[in-house]
Number of protein chains: 2
Amino acid sequence: MVLYDAADLRSELHQIGCRLTPQREKILKFFQNLPQGNHLSAEDLYHALAQRGENISLSTIYRSLKLMARMGLLRELELAEGHKHYELNQPYPHHHHHLVCVQCNRTIEFTNPAILKTGVKQAEKEGLHLLDCQLTIHAVCPEALRRGWPSLLPSHWVCPRALNGTVTGVITEN
Amino acid sequence: MVLYDAADLRSELHQIGCRLTPQREKILKFFQNLPQGNHLSAEDLYHALAQRGENISLSTIYRSLKLMARMGLLRELELAEGHKHYELNQPYPHHHHHLVCVQCNRTIEFTNPAILKTGVKQAEKEGLHLLDCQLTIHAVCPEALRRGWPSLLPSHWVCPRALNGTVTGVITEN
DNA sequence: GATTTTATTGAGAATCATTATAATTTAGGG
DNA sequence: CCCTAAATTATAATGATTCTCAATAAAATC
Ligand SMILES: [Zn+2]
Ligand SMILES: [Zn+2]
Ligand SMILES: [Zn+2]
Ligand SMILES: [Zn+2]
């Protein structure tokens, strides 16, 4: 786990012409003390801090999250909920990915170094500078499947799961 | 490439208690005729169809995109722009992933069967029904790096790229 | 330490994407 | 062809995020 103290953070900020403020310090510290596996929205963070007596305005929360994500201190996640979530950005070997149930939003983390390697290779191949690399697996729990969800899937839908499956419709070579 | 004609689409829709409408037919057909590598937002699609003289209301566009994504006909993508993008959902072996420049939004597709395998394995392990599996690689082009972007990255930021890199701050075992 | 400069904060307005509402139209089973 | 439920449309409403600007506070300079 990588820890930035106030001095580290000040130094990182100064390098890009930004200042260390109590708000930024508290936000980063909050993420550092958050148990692994938590993914907070701006609103989540706002309320969590408020509960601790730290009243940081929502504007500042949004601004800080974006800034710190750009700085590489936080990681911005698109899970399955319509708003962004953030977590501490842990470099390899703590880099991980997410499996999300689109029905109940349960999120499971898993590591897989091969994926990061793929990202490194792909970015290199295209001459780009890699920033992040996220595998997001969308799924539904069996309970959800039983009621509601399956009715919206074509009965024979086999996509990505179907490594060798058949599909209806005309299949043409492309 | 998988092609659904009107009859196929009607059948898919009827299975879930929905009707075939000219709007739905036109939208699907539009995606089927779209060159590989295009990723349209709702607004994009709205305008593209309008240009062809097909005036489908934005509400219907939004509703159809969501429906078809749930049906597995389309794939919903979270690229780097603040709105969703859609493409035809091609099952394996056409399943692919995306490398995005967060500066210019250029998006490059690539295939990698190992990633889908990881998704299948992970979902299975957790007892979930896999729906989709997307590796999204965020990067910036060198031009962007030169001006602007690098200034917002700590000079020594090495994350995910740094398979063996060093990081400032206190590193503790976790 | 006081002064000056400039980034940052906070409250609220504004914007953007998306979803909901309700009246009208239409698909498709009978 | 008729009837009912589903779908479309225009519009309002929502929700997340960003913007604006006056007030505040870092930190560079004196
Ligand atoms: Zn995580
Ligand atoms: Zn959430
Ligand atoms: Zn694509
Ligand atoms: Zn776009």
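Chain naming here is simple, since letters A, B, ... match the order of the sequence lines and numbering starts at 1 in each. In what follows, every heavy atom counts, from backbone to side chain, and hydrogens, waters and symmetry copies are set aside.
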I'd like a list of close polar pairs between nucleotides 14-17 of chain D and the protein, N/O only, cut-off under 3.5 Å.
residue : atom : partner : partner atom : Å
D:dT17  : OP1  : A:K84   : N            : 3.0
D:dT17  : OP2  : A:Y62   : OH           : 2.7

Distance, rounded to the nearest Å, where B:Q23 contributes CD and C:dA27 contributes C1'
11 Å
Whether the B:H98 and B:H96 side chains hold a donor-acceptor pair (N or O, under 3.5 Å, no angle test) is what I'd like checked.
yes
Rounded to whole Å, please give me the gap between CG in B:L13 and C1' in D:dA5.
15 Å
Quick one: salt bridge (Lys or Arg N to Asp or Glu O under 4.0 Å) partners of B:R24, sequence neighbours excluded?
none
Grab the CD1-C1' distance between B:I61 and C:dC16 for me, whole Å please.
18 Å
Please report the distance, rounded to the nearest Å, between CD in A:E81 and C1' in C:dT18.
16 Å
Contact between B:F31 and B:L73 at the side-chain level, heavy atoms closer than 4.5 Å - yes or no?
no
Partner residues of B:E76 under the side chain to side chain donor-acceptor pair (under 3.5 Å) criterion, sequence neighbours left out
B:Y86
With rounding to the nearest 0.5 Å, note down the distance linking OG1 in B:T111 to CG in B:L135.
12.0 Å
Please determine whether side chain to side chain contact (heavy atoms under 4.5 Å, CB included) holds for the pair A:L49 and A:N55, giving the CA-CA distance in whole Å, both sets of side-chain angles, and the decisive distance to 0.1 Å.
CA-CA 7 Å; A:L49 286 170; A:N55 288 94; over 6 Å; no
Polar-atom pairs under 3.5 Å, protein N or O versus N or O of nucleotides 11-13 of chain C: list them with distances, or write none.
residue : atom : partner : partner atom : Å
C:dA11  : N7   : A:S59   : OG           : 3.2
C:dA11  : N6   : A:S59   : OG           : 3.4
C:dG12  : O6   : A:S59   : OG           : 3.1

For A:L13, the option from A:M71, A:E25, A:R19 that meets side-chain contact (heavy atoms from CB on, under 4.5 Å):
A:M71
Rounded to whole Å, CD of A:E78 lies from C1' of C:dA17 at a distance of 13 Å
Rounded to whole angstrom units, what separation is found between the OH atom of B:Y46 and the C1' atom of C:dC16?
16 Å
Can you measure B:L67 atom CG to C:dT18 atom C1' for me and round it to whole angstrom units?
16 Å
Take atom CD of B:E25 and atom C1' of D:dA7, then tell me their distance rounded to the nearest Å.
15 Å
Please check if any side-chain donor atom of A:Q51 sits under 3.5 Å from a side-chain acceptor atom of A:H47, or the reverse.
no
Bending between helix ends of the helix from C:dG1-D:dC30 to C:dG30-D:dC1 [5 pairs per end, 10° resolution]
40°
In terms of relative ring orientation, are A:H97 and A:H95 parallel, tilted or perpendicular, with 30° and 60° separating the classes?
perpendicular
Quick one: are A:S11 and A:Q15 in side-chain contact, heavy atoms under 4.5 Å?
yes
Report the C-alpha separation of A:D132 and A:Q134 in whole Å, then their side-chain angles, then the decisive distance to 0.1 Å, and conclude whether the side chain to side chain donor-acceptor pair (under 3.5 Å) test is met.
CA-CA 7 Å; A:D132 195 10; A:Q134 311 179 4; 2.9 Å; yes
For nucleotides 22-26 of chain D, which of its nitrogen or oxygen atoms have a protein nitrogen or oxygen under 3.5 Å away, and what is each distance?
residue : atom : partner : partner atom : Å
D:dA26  : N3   : A:R19   : NH1          : 2.9

Checking side-chain polar atoms at under 3.5 Å, does A:E109 have a donor or acceptor matched by the opposite partner on A:Q36?
yes
Point-to-point distance, once rounded to the nearest 0.5 Å, from CD of A:Q32 to CG of A:L9:
8.5 Å
